[in-house]
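Throughout, a chain's letter reflects where its sequence line sits, starting with A, and its residues are numbered from 1. Note that the structure is predicted; figures quoted are calculated from it, not measured.
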Amino acid sequence: MVRAMPLLSEAFFARDALIVARELIGAELVRDEVVVRITEVEAYRHPSDSASHCRMGRTARNAPMWGPPGRAYVYLCYGVHSMLNLVTGSEGEGAAVLVRSVEAVRGIPTIERRRGRRIGARDLAGPGKVAQALGLGTAWSHHPVIEAGGLECRAGERVERLLVGPRVGIDYATPRDRRAPYRFADPASTSVTERSTLRLERGRAS
DNA sequence: TCTACGATCTTT
DNA sequence: AAGATCGTAGAT
């Protein structure tokens, strides 16, 4: 048995969504026997971000995003898929990071049996697959991933250089926000969506 | 109340 | 290229 990596702290999440997003690449999500490694994320930065669920202020749905950092925000998309976000910044800010893709580290076959769905692949590219692999629904909103038990977010191997590009599926946002390079991915992973719109970032890591 | 529409995925 | 499928938000 390998010793578990340390939990990420509330202080880790209590920073700008762009910083947290970059540093979440390579981190692990753990739910019981299931362990996945984060390979792609998007930052939803602030109420002034016209792509964010917080763009129209506080509502029942986006309440978790306004809460303390290090909590989950899970919402239902297209009436079909659950999306996992991790709340960032300070309480009352309204920012989060969407986990778009992961790689299975272990435990996925068990989930496959339990859910009666086909998730055998090691690559889980796309936010709907992430929540499905971890068995998460909207009831997981507000769950602290900085504490042991349930869904946990743990440190992983640090990825120095990243793929960077625009976010996906936000055509309703302003042109500026549509173009904003708020999506980050691990260049070494094949579990990444819309890869052609990402470019390898030069220079220093965050 | 009513209506429109998604931070998607799969199949055609 | 389109259907599935339903909760939310904004309008009425």
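Phosphate proximity of dT8(B) to R100(A): present, with a side-chain N or O under 4.0 Å from OP1 or OP2.
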Exercise. Stepwise, does the side-chain hydrogen bond (donor to acceptor under 3.5 Å, both in side chains) test hold for S50(A) with T174(A)?
Worked result: CA-CA 6 Å; S50(A) 67; T174(A) 64; 3.2 Å; yes

Exercise. Under the side-chain contact (heavy atoms from CB on, under 4.5 Å) criterion, do V130(A) and S82(A) qualify, and how do the steps go?
Worked result: CA-CA 9 Å; V130(A) 172; S82(A) 294; over 6 Å; no

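Note: OH (Y78(A)) to C1' (dT11(B)) measures 17 Å, nearest angstrom. Rounded to whole angstrom, the span from the CD atom of E194(A) across to the C1' atom of dT8(B) amounts to 11 Å. Separating the CG atom of L76(A) from the C1' atom of dG6(B) is a distance of 10 Å, rounded to the nearest angstrom. At whole-Å resolution of the value, CZ in R183(A) and C1' in dT8(B) are 14 Å apart. The distance between atom CZ of R45(A) and atom C1' of dA7(B), rounded to the nearest whole Å, is 17 Å. Following rounding to the nearest Å, R55(A) (CZ) and dA9(C) (P) show an atom-to-atom distance of 10 Å. Atom NE2 of H53(A) is separated from atom C1' of dG10(C) by 15 Å (rounded to the nearest Å). For M56(A) and dA11(C), the CE to C1' distance is 14 Å, given to the nearest whole Å.
Residues from residues 167-178 of chain A with heavy atoms under 4.0 angstrom of DNA chain C: there are none. Residues from residues 80-98 of chain A that place a heavy atom under 4.0 Å from any atom of DNA chain B, listed by number: H81(A), M83(A), N85(A), L98(A).
Aromatic rings from H53(A) and Y75(A) are positioned such that their centres are separated by under 6.0 Å.
R71(A) forms no cation-pi arrangement with Y73(A), by the criterion of a distance under 6.0 Å to the ring centre and an angle within 45° of the ring axis.
Across all strands shown, dT8(C) forms a Watson-Crick or G-U wobble pair, both distances under 3.5 Å, with dA4(B). dG3(C) is paired with dC9(B) under the Watson-Crick or G-U wobble criterion, all donor-acceptor distances under 3.5 Å.
Between F184(A) and L163(A) the shortest side-chain heavy-atom distance does not fall below 4.5 Å.
In this structure, Y75(A) does not count as stacked on the base of dG7(C) under the 5.5 Å centre distance and 30° plane angle limits.
With no hydrogens or angles considered, no side-chain donor-acceptor pair links R15(A) and T88(A) at under 3.5 Å. Using modelled atom types, one finds a donor on one side chain and an acceptor on the other under 3.5 Å when comparing T193(A) with E40(A). If you check the side chains of S191(A) and R37(A), you find no donor sitting under 3.5 Å from an acceptor.
The residues E42(A) and R167(A) are annotated as not salt-bridged, no charged nitrogen and carboxylate oxygen being separated by less than 4.0 angstrom.
For dC2(B) and dT5(C), the P atoms lie 23 Å apart once the distance is rounded to whole Å.
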